[in-house]
Amino acid sequence: MEMETKKSKSEGLMHMIEIAGNKIPDPLVFFLILIGACLVGSFIMSYFGISDINPATGKTVKAYNLLSKDGFIRMLTSVISNFQGFTVMCMTLTCMFGMCVADQSRFFESIMKHVILSSKGSDKKIIMIFCLISALADITNGGGFVIMPLLGGIVWGNMGRNPIAGMLCGYGTIAGAFCANFMLGTTDIVCAGFTQNAARVIDPSYVSAASMGWYYQSVAAILLTLTSYFVTTRYVEPRLGKYQGEYVARQEEKLPNEGKALKFAVIALFIYVILIVVNAVPAGGILRDPKTGELVSGKSPFMQSLVFMISMFFFIPGLVFGKVTGTIPNIKKLIKVLNSGIAAMSGFIVLSFVMAQFMKYFAWSNMGTIIAIKGAKGLAASGLPFIGICVVFILFCGVLNLFMGSASAKYGLIAPVFVPMFMLMGYDPSVAQMCYRIGDAITNPITPTFAYIAMLMEAVKKYDPKMGFGSLIAGLMPYTISFTIVMIGEFVIWLLIGMPLGPGGSIFFGG
């Protein structure tokens, strides 16, 4: 009886979120409303002279009136450059080239059929592997946010399950597990740089390590994989129910030379991966940063071309498979497949134009910066015990993430306040950094201004054209809630036992 009561309460909450969210208009209209709110907000904050001191620079940050003469001219003359600089759209379309070839050549279908057969009909193994890959996919610097939801729909559809559940699983897991991985990525390096600069206010000789949170992040990757599997199979799928849409996965149909085509496709993929490894792993590899020799750095050819390489990871085997089976027999058919893939994203392209303007306007207004500074000051003066401060700090970062998307921009503002504060209380800078990383991750799945959620909304409409924004958020909310509980719980345990968060990251300062 108690379990049923808890379930009915949670269902009631999700139903309320769904109803409220579905009242939100179409994403395009929603972002137009946000632009209007941003313009009015900038005017009001500027009129009342709202400002604060940026702890990172020591300079005063004032609200910028977008409705002023200068603001109007700036908006008018920057429309094209704003759109050109919206990299999310470019990454999405680049990934779509590979995804649509792998999908329409039926390579995905064939490989999934073989995976299902090799797992002896066990969907559990496939879902668990998918959850693990999704949890680790943030290492791709954005490509995973595009690939995993689309792949999830295909995987779930070919298993005879609700494809929307697969899309929610892929997106919710990669977005919510943004601070969990077995590998170090660009975000680890960028955050370590901010941490070092902030820590040197207290200790001028302090040197940070990108690996300072690696132990915690590795354990979190395992925990979030298991959590994602549990949430998807025990809550998300039952809530969505059996798929009733018009989209139907291709039925069993033997393709000509399918076995041979799959073998050649895998060989081609293997050769492609070997070429990347040969040029990336050796110390003098051409994919490494020519100045520092690092592989995982923002300036290395490897990281700068990663999205394109991911696209080719699907394009090459898809093309080989299509050529051998005859699903893509010639260049004319290939062009048709590529055109259809981009055509399916036309709604997202239009939406990207509006989103690009909003994100620039919000950044110019300085509203997000001022909110971050004032919120950080309030939390620092709260007087809570240290574990309480950590939990509230995490939740504060999670709420801030709903309004200010850039991870580096947020931490650049927060680090100068909280890193020295934690050090003065006797705690290592890595503790402040990990609190931020957790908070920055947990609300990613439900952040309405996160560019990739608009891409997800458009992709989901392939399976359910009537699905509203509220239904999408309600489907992703379980990932945010469960990931928040798991990661904060793990972090509190880590603090209590005093185990280092990673190489170069102790719990206690000087320990």
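Everything numeric in this text was worked out from a predicted model, so none of it was measured.
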For the pair I442 and I394, evaluate side chain to side chain contact (heavy atoms under 4.5 Å, CB included) and give the outcome as yes or no after the intermediate values.
CA-CA 9 Å; I442 54 179; I394 289 170; 4.1 Å; yes

Margin query: Which label fits Y452 and F145: parallel for a plane angle under 30°, tilted from 30 to 60°, or perpendicular past 60°?
Written below: parallel

For the pair R161 and E237, find out whether any cationic side-chain nitrogen is under 4.0 Å from an anionic carboxylate oxygen. yes

State, without any angle test, whether T327 and Q104 hold a side-chain donor-acceptor pair at a distance under 3.5 Å.
no

- Does the T480 side chain pair with the main chain of M477, one donor and one acceptor, at a distance under 3.5 Å? no

| said: I want to know whether W156 and F130 have ring centres closer than 6.0 Å. | reply: yes

Practice task
For N257 and T325, test the side chains for any donor-to-acceptor distance below 3.5 angstrom and give the result as yes or no.
Solution key: no

Handout entry: F313 atom CZ: more than 12 heavy-atom contacts under 6.0 Å
Key = no

Partner of L136 under side-chain contact (heavy atoms from CB on, under 4.5 Å), picked from T173, L224, N181, is N181

task = Can you label the angle between the Y479 ring and the F483 ring as parallel, tilted or perpendicular, going by 30° and 60°?
result = perpendicular

When every non-hydrogen atom of I453 is compared with those of T447, the smallest separation belongs to CG2-O, 3.7 Å

Checklist entry - When you measure from the side chain of E458 to the backbone N and O of A454, does any donor-acceptor pair fall under 3.5 Å? => result no

With P301 as partner, the option from L295, L287, N279, I286 fulfilling side-chain contact (heavy atoms from CB on, under 4.5 Å) is L287

message = I'd like to know whether CZ of F182 has more than 12 heavy-atom contacts from other residues, nucleotides or ligands below 6.0 angstrom.
response = yes

